[in-house]
Undergrad: 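If you scroll down you'll find the structure; I have some questions about it.
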Amino acid sequence: MGDTDEQKQRHRRLTAWRGSAKVLARPSADHTLAERLAALAADAGTVHDLDEWTDTYGNGVVAELERRTADLLDMEAAAFFPTGTMAQQVALRCWAGRTGDPVVALHPLSHPEVHERGALTAVGGLRTVHPTTEPRLPTAEEVRDLPEPFGTLMLELPLRDASFTLPTWEELTAVVAAARDRDAVVHLDGARLWECGPHLGRTLPEIAALADSVYVSFYKSLDGLSGAVLAGPATLVEQARTWRHRYGGQVFQQYPAALSALLGLERELPRLPSYVEHAKLVAGALAEGFAGSGVPWFRVHPEPPHTHQFQMWLPYGTEVLDEASVRQAEETGVTLFRRWFPAAGGPPGVSFTEVTVAAPGLEWTADDVREAVAGFVERLV
């Protein structure tokens with residue numbers, strides 16, 4: 001399929017999703033540029049004084065966002081980065097310099113290993129080792145028994161590419177203790193840390209307190225435009241600011257992203273527990289719907305979900321599933337699923353999609369979900 005055809009398909013999908021009256025989540029891709037800019041201009045004044053001078057190099061609203069995030073996580077300091085990829089690379093590079101050990105222990109499905117094109121090694125000069133290859137975070141025993149020294153343990157909460165899975169609080173504290181026993185520091189990839197509290201049964205400061213540093217994102221769960229924060233000890237954050245400049249992250253004006261992040265902290269953060277709870281209803285109804293649908297096989301994972309996101313697996317190719325998904329949206333105004341992806345390393349003809357339950361999804365009943373499943377399956381044949 002050429003670029004033109006792919007662009008046409010993308011336009012078709014976006015048009016169908018935008019035109020759907022019933023969706024489980026309404027991500028930013030469903031809005032036009034004009035709508036996003038207008039909404040930001042209309043709402044930003046509720047979280048920041050817009051009569052202040054324009055923020056340049058982070059001396060205004062960006063600094064406020066850093067202070068607010070540090071307070072929420074009960075960390076000494078925080079630094080804003082244009083991307084989470086940069087924030088995390090800088091954090092791990094700084095810890096390597098401080099520990100004198102360039103080896104980072106992390107999961108092979110973690111973001112730096114899957115989505116950053118080998119940047120930890122190519123750019124940061126670091127080396128990675130894997131305590132486990134199981135589709136979950138490592139256990140304390142696996143960390144303790146790793147046969148090779150490491151200076152930093154990185155834990156992604158939740159582990160997105162393992163179906164947004166989380167350990168229990170007891171498992172998490174044991175893993176951290178095992179790393180401490182090996183004189184390693186602990187860094188949390190908390191891109192989606194905001195919604196981990198309900199499953200772990202702890203507050204954000206309690207979770208963050210387990211680690212030496214934490215990175216959080218503002219667009220994945222909080223509907224911000226972009227950006228991330230690295231939080232931790234003041235001396236580490238000050239060092240990270242130097243490396244941020246070296247990496248090209250000292251951007252002249254980032255106030256739109258910072259304002260949208262403050263809006264997310266104000267509006268979306270308090271609602272995330274309700275999304276997590278409702279995702280359990282949606283996942284259960286999906287399983288019930290597919291169990292009676294006649295499809296040869298399906299999997300909802302994890303069931304129940306650990307956060308407001310989870311994966312749905314079906315034994316069909318991505319083109320078939322994408323077509324059924326977009327046709328349902330076009331013909332009924334209901335978007336149940338979005339994009340489908342082939343199972344990495346799995347047999348052909350098995351695909352998965354990521355399901356997110358946000359504010360619009362709270363309106364769905366279990367009957368709504370089961371009815372949508374029936375409509376989706378009708379379009380598979």
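All values derive from a computational prediction rather than experimental measurement.
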Undergrad: Working to the nearest 0.5 angstrom, can you tell me the gap between Thr307 OG1 and Arg192 CZ?
TA: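 Between Thr307 OG1 and Arg192 CZ, I get 8.0 Å after rounding to 0.5 Å.
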Undergrad: Taking Glu6 first and then Arg13, would you say they form a salt bridge - that is, a charged N and a carboxylate O separated by under 4.0 Å?
TA: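 A salt bridge links Glu6 with Arg13.
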Undergrad: What closest approach, in Å, do Ala258 and Val61 show between heavy atoms, and which atom pair accounts for it?
TA: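 That closest heavy-atom pairing would be CB-CG1, 4.0 Å.
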Undergrad: Would you call Glu323-Arg379 a salt bridge at under 4.0 Å N-O?
TA: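 Looking at Arg379 together with Glu323, the answer is no, because their closest N to O distance does not fall below 4.0 Å.
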Undergrad: Verify the distance criterion only: is there a donor paired with an acceptor across the side chains of Ser221 and Glu195 at less than 3.5 Å?
TA: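 Looking only at side-chain atoms, Glu195 and Ser221 do form a donor-acceptor pair, the distance falling under 3.5 Å.
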Undergrad: Can you check whether Pro205's main-chain N or O pairs, donor with acceptor, with Asp74's side chain at less than 3.5 Å?
TA: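 No.
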Undergrad: Sub-3.5 Å donor-acceptor pair from the side chain of Glu76 to the main-chain atoms of Ala234, do we have one?
TA: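 Here the side-chain-to-backbone pair exists.
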Undergrad: Would a single hydrophobic cluster contain both Leu14 and Leu24, if residues Ile, Leu, Val, Met, Phe, Trp and Tyr are joined by side-chain heavy-atom contacts under 4.5 Å?
TA: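 No, Leu24 and Leu14 fall in different hydrophobic clusters.
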Undergrad: For the residue pair Ser213 and His187, confirm or rule out a side-chain donor-acceptor distance under 3.5 Å.
TA: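 Their side chains do contain a donor-acceptor pair, which is all the 3.5 Å distance test asks for.
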Undergrad: If you count the non-hydrogen atoms of other residues, nucleotides and ligands that lie under 6.0 Å from CD in Glu141, is the total more than 12?
TA: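 Result for CD/Glu141: open.
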Undergrad: Under a 4.0 Å N-O cut-off, is there an ion pair linking Asp71 with Arg68?
TA: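 Salt bridge flag = no for Arg68 with Asp71.
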Undergrad: Quick check for you: to the nearest 0.5 Å, what is the distance between Leu230 atom CG and Cys94 atom SG?
TA: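 Reported to 0.5 Å precision, the distance equals 7.5 Å.
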Undergrad: Nearest 0.5 Å, what's the CD-NZ distance between Glu371 and Lys22?
TA: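 So the gap between those two atoms works out to 9.0 Å.
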Undergrad: How close do Ala279 and Phe310 get, heavy atom to heavy atom, and via which atoms?
TA: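 Looking at all heavy atoms of both residues, the closest pair is O-CE2, 3.9 Å.
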Undergrad: Same cluster or not: Tyr219 versus Leu225, using hydrophobic residues (I, L, V, M, F, W, Y) connected whenever any side-chain heavy atoms lie under 4.5 Å apart?
TA: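 In one cluster: no.
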Undergrad: One pair to check against side-chain hydrogen bond (donor to acceptor under 3.5 Å, both in side chains): Thr46 and Glu266. What are the steps and the verdict?
TA: CA-CA 9 Å; Thr46 65; Glu266 185 74 19; over 6 Å; no
Undergrad: Does a side chain donor of either His48 or Glu64 reach within less than 3.5 Å of an acceptor in the other side chain?
TA: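 The answer is yes; a qualifying pair exists.
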Undergrad: Please check this pair: side chain of His107 against backbone of Arg136, looking for a donor-acceptor N/O pair closer than 3.5 Å.
TA: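 The answer is yes, because a donor-acceptor pair under 3.5 Å joins these two groups.
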Undergrad: Shared ILVMFWY cluster between Val357 and Leu166, side chains joined below 4.5 angstrom?
TA: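 Different hydrophobic clusters.
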Undergrad: Return the orientation label for the His199 and His306 ring planes: parallel under 30°, perpendicular over 60°, tilted otherwise.
TA: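 Ring orientation of His199 relative to His306: parallel.
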Undergrad: Can you name the nearest heavy-atom pair linking Ser110 to Met154, along with the distance?
TA: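 Where Ser110 meets Met154 most closely, the heavy atoms are CB-CE, 3.7 Å.
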Undergrad: Donor-acceptor pair, distance only, cut-off 3.5 Å: does the side chain of Glu331 make one with the backbone of Gln328?
TA: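 No, Glu331 side chain to Gln328 backbone: no donor-acceptor pair under 3.5 Å.
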Undergrad: So, Asp161 and His111: side-chain donor and acceptor under 3.5 Å apart, yes or no?
TA: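 Note: Asp161 and His111 side chains miss the donor-acceptor criterion.
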Undergrad: Just by distance, with hydrogens left out, do Gln253 and Thr56 show a side-chain donor and acceptor under 3.5 Å apart?
TA: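 There is no such pair (donor and acceptor under 3.5 Å, judged by atom type) between the side chains of Gln253 and Thr56.
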Undergrad: Do Ser325 and Asp322 get their side chains close enough for a donor-acceptor pair, meaning under 3.5 Å?
TA: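 Ser325 vs Asp322: no donor-acceptor pair found between side chains.
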Undergrad: May I ask you to say whether Asp30 pairs ionically with Arg338, meaning some side-chain N is under 4.0 Å from a carboxylate O?
TA: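 The answer is yes: the pair qualifies as a salt bridge.
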Undergrad: Verify whether one side chain among Trp169 and Glu171 offers a donor that lies under 3.5 Å from an acceptor in the other.
TA: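 Checked: Trp169/Glu171 side chains show no N/O donor-acceptor pair below 3.5 Å.
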Undergrad: Indicate yes or no: at least one non-hydrogen side-chain atom of Thr69 is less than 4.5 angstrom from one of Leu265.
TA: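 Yes - at least one pair of side-chain heavy atoms lies under 4.5 Å apart.
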Undergrad: Is there a side-chain contact between Thr152 and Leu106, using heavy atoms and a 4.5 Å cut-off?
TA: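 With C-beta onward as the side chain, the pair stays apart.
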Undergrad: Do Phe164 and Leu286 land in one hydrophobic cluster if side-chain heavy atoms of ILVMFWY residues count as linked below 4.5 Å?
TA: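 No, because Phe164 and Leu286 fall into different hydrophobic clusters, even though each may have its own neighbours under 4.5 Å.
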Undergrad: Does Thr132 use its side chain to pair, donor to acceptor, with the backbone of Glu134 at less than 3.5 Å?
TA: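 Yes; judged by distance alone, with no hydrogens or angles, the pair exists.
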Undergrad: Measure the CG-CZ distance between Leu72 and Arg67 for me, rounded to the nearest 0.5 Å.
TA: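 Between atom CG of Leu72 and atom CZ of Arg67 there are 13.0 Å.
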Undergrad: Count the heavy atoms belonging to other residues, nucleotides or ligands that lie under 6.0 Å from CD of Glu238, then report whether that count exceeds 12.
TA: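 No, because the 6.0 Å sphere around CD of Glu238 holds 12 heavy atoms or fewer from other groups.
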Undergrad: Before you tell me yes or no, could you show the steps for Arg98 and Gln239 under side-chain hydrogen bond (donor to acceptor under 3.5 Å, both in side chains), namely the whole-Å CA-CA distance, both residues' side-chain angles and the distance that decides it to 0.1 Å?
TA: CA-CA 10 Å; Arg98 286 167 170 248; Gln239 182 184 12; 2.7 Å; yes
Undergrad: Taking everything shown except Arg182 itself, do over 12 heavy atoms lie less than 6.0 Å from its CZ?
TA: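 Yes.
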Undergrad: More than 12 foreign heavy atoms under 6.0 Å from NE2 of His115: is that the case here?
TA: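 Check passes, neighbour count above 12.
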Undergrad: At their closest point, which heavy atom of Leu73 faces which heavy atom of Ala231, and how far apart are they?
TA: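 So the two residues come closest at CD1-CB, 4.0 Å.
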Undergrad: Can you check whether Phe341 and Phe352 have ring centres sitting under 6.0 Å from each other?
TA: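 Ring centres of Phe352 and Phe341 closer than 6.0 Å.
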Undergrad: Could you state whether Val326 and Leu314 fall into the same hydrophobic cluster, counting links through intermediate Ile, Leu, Val, Met, Phe, Trp or Tyr residues with side-chain heavy atoms under 4.5 angstrom apart?
TA: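 They do not share one cluster, since no chain of ILVMFWY contacts under 4.5 Å joins Val326 to Leu314.
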Undergrad: If you round to the nearest 0.5 Å, how far is OH of Tyr215 from CG of Leu193?
TA: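 Rounded to the nearest 0.5 Å, the CG-OH separation comes to 11.0 Å.
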Undergrad: Any chance CH2 of Trp297 has more than 12 other-residue heavy atoms, nucleotides or ligands included, within less than 6.0 Å?
TA: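 Above 12, so yes.
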Undergrad: Indicate yes or no: does Glu378 engage Arg327 in a salt bridge with an N to O separation below 4.0 Å.
TA: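 Salt bridge: no.
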Undergrad: Looking only at side-chain N and O atoms, does Arg160 offer a donor or acceptor that is under 3.5 Å from a partner on Gln309?
TA: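 Per modelled atom types, Gln309 and Arg160 side chains form no pair under 3.5 Å.
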Undergrad: Treating Trp194 as the side-chain partner and Ser217 as the backbone partner, does any N or O pair qualify as donor plus acceptor under 3.5 Å?
TA: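 Yes: the side chain of Trp194 pairs with the backbone of Ser217.
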Undergrad: Is it true that Glu330 and Arg12 make a salt bridge, defined as a side-chain N closer than 4.0 Å to a carboxylate O?
TA: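 The answer is yes: the pair qualifies as a salt bridge.
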Undergrad: Go through the side-chain N and O atoms of Asp189 and Gln88 and say whether any donor and acceptor fall under 3.5 Å apart.
TA: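 Short answer, yes.
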Undergrad: Give a yes or no on whether Glu363 atom CD has more than 12 heavy-atom contacts from other residues, nucleotides or ligands under 6.0 Å away.
TA: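 Counting other residues, nucleotides and ligands, CD of Glu363 stays at 12 neighbours or fewer.
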Undergrad: Without swapping roles, check the side chain of Thr99 against the backbone of Asp101 for a donor-acceptor pair under 3.5 Å.
TA: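 Yes: the side chain of Thr99 pairs with the backbone of Asp101.
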Undergrad: Using the side-chain contact (heavy atoms from CB on, under 4.5 Å) definition, which of the options Val175, Asp212, Leu210 pairs with Val186?
TA: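 Passing option: Asp212.
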Undergrad: Please confirm whether Arg244 makes a cation-pi placement over Phe81, using NZ or CZ under 6.0 Å from the six-membered ring centre and within 45° of the ring normal.
TA: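 Yes, cation above the ring, under 6.0 Å and within 45°.
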